[in-house]
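Each remark here refers to the structure printed beneath this line.
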Amino acid sequence: MSALPATALREVFGLSHAVALITGAASGLGRACALLLGQAGAYVAVNHLPGSAAAAAAVCRDIEAAGGQAMAVAADVSQQEEVEAMLRQVVDRFGRLDILVANAGIENGAPFQDMTLQQWQQVIDVNLTGSFLCARAAIRQFLRQPPQPGPPRANGRIVCMSSVHQIIPWAFQANYATSKAGVAMLARTLAQEFGPQRIRVNAVAPGAIRTDINRPVWETQAALEELLTLIPYGRIGEPRDVAQAVLFLVSDLSDYVTGATLYVGGGMTDYAAFRGAG
Ligand code: BGC
């Protein structure tokens, strides 16, 4: 998962004994974050939908095989009661919560004139309302628990998984792009609101990363070549590219960083089509 051995990861990023909840962690970016934070010493709660229990259990086994501790916890992040029950389970098992990676997200695009209310709401519910519900539950827990012993550090850290589409408009994905613009503003607003309590809130905005959510844009050579015209850095991202950015933002190395978006897109937000044009 990472070039650095686990002992070095623990030393550098200092997550030993921190408790991290990662939503949507049975696959894709969430899985990569769970594995890397586990290697860096965090106790990891691997959230998943009920239908992904086997995949989540496999992520937990991988974390444990690398010497970490993990639990799987089922919840649909768009459902208030399920999110609250999830938080209770995590705190029952690990005693506290230090880190939330609000990663769970979906796409369900359509030409705008054909987009149904149900399609619109499903994406907003999971991506935006899910981030709200998980961040609220995490912040309530951060506020009620004593700070971790040890040197002064943040009393809680949240990373919201956004997207380059928080600023790049995305035709046929109006629900998704709107949800991610909302996620970005949620993160900044929470950073402002909870700075005085030393709770840090940041966003990571991935570009095209090789996961199942965007398989059609990378699985054939022709599609990949077309995709690469959008990426100045000339390669597709891998899940670990995103996990490494998340690890930085949840660690004390970024203790003075809050309200920021870290773009992980190989320069996708920098108008690749303008190279030699305009
Ligand atoms: C989407 C991917 C897409 C990427 C770049 C991400 O937020 O989930 O499907 O490839 O943005 O467009």
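For this chain, numbers begin at 1 and follow the sequence in order. Counting starts at 1 for both ligands and their atoms, in listed order. Below, each value reflects all heavy atoms present in this structure, side chains not excepted, and no hydrogens, waters or symmetry copies.
- One option in Gln173, Lys180, His165 has a heavy atom closer to atom 5 (C) of ligand 1 than any other, and that option is His165.
- Closest to atom 3 (C) of ligand 1, if we only count protein heavy atoms, is Trp170 CH2, 3.8 Å.
- Here the heavy atom of the protein found nearest to atom 10 (O) of ligand 1 is Asn214 ND2, 3.3 Å.
- From the protein, the heavy atom lying nearest to atom 4 (C) of ligand 1 is Gly207 O, 3.5 Å.
- Phe274 belongs to a hydrophobic cluster whose remaining members, ordered by chain and number, are Tyr271; membership requires side-chain heavy atoms of ILVMFWY residues under 4.5 Å apart, directly or through intermediates.
- Interface of Tyr176 with ligand 1, defined as ligand atoms under 4.0 Å from a residue heavy atom, comprises 1 (C), 6 (C), 7 (O), 8 (O).
- A donor-acceptor pair shorter than 3.5 Å can be found between the side chains of Ser179 and Asn127.
- Between Arg136 and Glu84 there is a salt bridge, since at least one side-chain N of the basic residue sits less than 4.0 Å from a carboxylate O of the acidic one.
- For Tyr176, the ring-ring contact (aromatic ring centres under 6.0 Å, His included) criterion is met by Trp170, not counting sequence neighbours.
- The Glu107 neighbourhood of ligand 1 comprises atoms 1 (C), 2 (C), 8 (O), 9 (O), with distances under 4.0 Å to a heavy atom of that residue.
- Proximity to Ser163 (heavy-atom distance under 4.0 Å) selects the following atoms of ligand 1: 6 (C), 7 (O), 11 (O).
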Review point. Hey, mind stepping through Ser254 and Arg200 against side chain to side chain donor-acceptor pair (under 3.5 Å) and telling me if it holds?
Key: CA-CA 9 Å; Ser254 61; Arg200 295 193 297 113; 3.1 Å; yes

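- With 3.5 Å as the limit, one finds a donor-acceptor pair spanning the side chains of Glu225 and Gln221.
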